[in-house]
Amino acid sequence: MRRSSAGVRALVAAGVAVAAAAAFSGTLENGFIALDDGVYIAENSLVLSGLSASGVRSAFSMRGEDHPGSYFHPLTWLSLMLDAELFGPGPRGFHLTNLVLHALTAALLLVLLERATQGLWPSAFVALLFALHPTQVEAVAWAAERKTVLSGLLGVVALGLYGLYAQRPSLVRYLGAAAFFLASLLAKPMLVAFPALALLLDYWPLGRLRFGPTSPLGCPKIKLLRAAAEKVPLLALGIGVTALSIFSFEGQPTPGRLPPLSLRLAQAPLGYLEALTKIAAPLELGVLYPYPTEVNLLASSGAAALLLAITAGALFLRTRAPALGVGWLWFVISLGPAIGLVQPASWPRWADRFAYLPLLGLGVAAAACLSELAARWRWVGKLAWAVAPLLLVLASLLTVRQVERWRDTVTLFQHTLQIEPSKPSHLQYDLGVELARTGRYAEAEEVLLLARRAAPRRSMIHNALGNVYALTGRPEQALVSYEEAVQLDPENVEAAFNFASLLDARGRTEEATAFWCRVLRSTWPPLASARETARARVGAACERPSQPEAPAEPR
């Protein structure tokens, strides 16, 4: 097969990057959302301070208090600090970097695929599908998902360097691929399946394995055992960094609160099927798909049978259409770590960001199918030339619409609650808090009451309702909600702060003192100002027990 000229390849790669940037340009007008963006950026003093020695030490720290609610991904922290240094604390700069990283990844994929297969237009289709698909919106439009797009770019670079190593093996090239694989893991332990994916690439398109097809790259042939052995150091690297990430994760639930293994095993085939459904028909994409409490075993068995049938068919065609089998197995293997069988914390049953790199495999498989059919029937090839651009245009239009849904917290959460039948109470809670923050108290109360009905024993919901009542001049209702919150969770320091403040304001200083003491016992850094207020209030209550205090602003 004759390769396209370097100028044409460069022009097409630039076109892929421009198309990705155009489809996601709306993210530059989006704000932060009330889901991780605060912890990662908007309320993270270390990030907003920019690059500093203390920030670098925190990024590489294994102490959970240095990155509360997160796991070990130091390169992601450093990239966010660099954004704050360059662009300031506003969301635009963080969104811009996410967009640029995604566009670069798509362009690089075009270059790598064309080089390995010497097929420019099939490679362009795969790269554009990766760049424009609506399931990519979560990874790009969510500022806190910097870890996904950064890890994805570094992982694709690692794959490209591995291809150079396969073509002309040397220790320097191997170490280069390993270094970028490590960097990808230090941005997010997403590409832990890299050794298995590299072995797939050895079969096609690199053509290294003796029983596999030949490659236009002219890679030297090796035995399967040797190919597997050279992946062992990479496997050890992946296991080591993943273990560090799990170890450093703060706030993960105890094993008893995780879904039982039997439920995870039953849900896994349905998870793959849902992934295929979301990718094939990306019409109802939200931000949260909660893990089920039970699974229909008949549906799970049917999904497993369908997946096995597809896998068997792809393997059967491995000699006639090797790209089909490799593309499908890429999807299955790369999605495996996120499908829920292994959970360091309570994961959703599915998240669109899980498809970021697995989508590449399905794109390759789709292009292989079209190429095989076009080789048999010429009319299929002509039809593909007509339909493929239309599919990409449709995908980009859906992406633009999905980007608009990520404009702000209220828009995104309201949309998700409309399409998600389970109506997760914690999403209702987050929406209610955001509505209250923006002064939409009536709507906030309505949503929080629905959340309380769905999860009556969640302390945070009662505290948020208490805040709404307090801010709308209903102190008696607020006291009831705060009291319920602290009874349900004595460790809810924010509720204790709010309850003590309101008790003080109503002259019940003796009762308030016990709850001020709870605040003082807290060591969580974000509550430092609350502890100062508590310390002052406890002293005042001792000196002037009959003097009511004005309530502090609810937290």
Side-chain angles (χ1 to χ4, degrees), residues 35 71 134-135 138-139 148 189-190 192-193 196 242 246 249 251-314 328-359 361-362 365 413 415-430 450-451 453-458 461:
L35 194 64
Y71 46 80
T135 57
E138 180 171 290
T148 295
M190 177 175 70
V192 292
T242 303
I246 295 173
F249 188 86
Q252 59 181 326
T254 60
R257 293 173 60 190
L258 293 175
L261 180 60
S262 58
L263 181 64
R264 283 179 273 156
L265 287 170
Q267 171 61 24
L270 294 173
Y272 275 105
L273 201 60
E274 182 166 18
L276 288 171
T277 303
K278 295 288 186 185
I279 291 171
L283 301 176
E284 294 188 343
L285 304 178
V287 70
L288 183 67
Y289 312 96
Y291 211 86
T293 56
E294 59 181 6
V295 172
N296 185 309
L297 292 181
L298 183 61
S300 176
S301 301
L306 177 60
L307 293 171
L308 288 173
I310 297 174
T311 303
W328 172 254
L329 290 177
W330 176 290
F331 168 74
V332 172
I333 293 171
S334 59
L335 188 59
I339 207 64
L341 287 175
V342 179
Q343 291 206 15
S346 185
W347 287 359
R349 73 175 189 270
W350 169 251
D352 297 339
R353 62 187 180 275
F354 294 168
Y356 191 70
L357 285 181
L359 178 64
L362 291 183
F413 286 10
H415 167 71
T416 302
L417 288 169
Q418 286 175 356
I419 66 171
E420 175 53 47
S422 68
K423 303 290 188 289
S425 63
H426 46 301
L427 201 62
Q428 292 173 325
Y429 163 78
D430 288 332
L450 290 173
R453 189 181 308 160
R457 299 195 60 78
R458 282 199 72 197
I461 297 173

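We use all heavy atoms of the structure for the numbers below, so side chains are in, but hydrogens, waters and symmetry mates are not.
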_Full working for side chain to side chain contact (heavy atoms under 4.5 Å, CB included) between Leu359 and Phe331_ = CA-CA 7 Å; Leu359 178 64; Phe331 168 74; over 6 Å; no
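- Each of Leu270, Leu335, Thr277 was evaluated against Trp350; a single residue qualifies, Leu335, per the side-chain contact (heavy atoms from CB on, under 4.5 Å) test.
- In plain terms, the two heavy atoms of Gly340 and Arg264 that are nearest each other are O-CD, 2.9 Å.
- Closest of all the heavy-atom pairs between Arg349 and Pro292 is CB-CD, 3.9 Å.
- To the nearest 0.5 Å, atom NZ of residue Lys423 and atom CZ of residue Arg453 are 13.0 Å apart.
- Using a distance-only test at 3.5 Å, with no hydrogens or angles considered, a donor-acceptor pair links the side chain of His415 to the main chain of Leu285.
- Interatomic distance, CG of Leu276 versus CD1 of Ile310, reported as 6.0 Å (0.5 Å rounding).
- Here the side chains of Ser334 and Leu357 are not in contact, with every heavy-atom distance at 4.5 Å or above.
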*Evaluate the criterion side chain to side chain contact (heavy atoms under 4.5 Å, CB included) for residue pair Phe413 and Leu35; output intermediate values, then yes/no.*
CA-CA 10 Å; Phe413 286 10; Leu35 194 64; 4.0 Å; yes
*asked:* Would Arg353 and Met190 count as a side chain to side chain contact (heavy atoms under 4.5 Å, CB included) here? Give the steps.
replied: CA-CA 10 Å; Arg353 62 187 180 275; Met190 177 175 70; over 6 Å; no
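- Contact between Ile333 and Pro337 at its shortest, heavy atoms only, is O-CD, 3.3 Å.
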*Taking it one step at a time, do Tyr289 and Asp352 satisfy side chain to side chain contact (heavy atoms under 4.5 Å, CB included)?*
CA-CA 9 Å; Tyr289 312 96; Asp352 297 339; 3.3 Å; yes
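- With rounding to the nearest 0.5 Å, the separation of CD1 in Ile339 from CZ in Phe354 is 8.0 Å.
- For the residue pair Ala451 and Ile461, the shortest heavy atom distance occurs at O-CD1, 3.6 Å.
- Shown here for Gly286 and Ile419, the closest heavy-atom pair between the two residues is N-CD1, 3.5 Å.
- Residues Ser425 and Leu450 fail the side-chain proximity criterion, which asks for heavy atoms closer than 4.5 Å.
- Side-chain atoms of Leu427 and Glu420, non-hydrogen and from C-beta on, never get closer than 4.5 Å to each other.
- Atom OG1 of residue Thr416 and atom CD of residue Glu284 lie 11.0 Å apart, to the nearest 0.5 angstrom.
- Here the OG1-CG distance, from Thr135 to Leu362, works out to 9.5 Å after rounding to the nearest 0.5 Å.
- Contact between Thr242 and Pro189 at its shortest, heavy atoms only, is OG1-CB, 4.2 Å.
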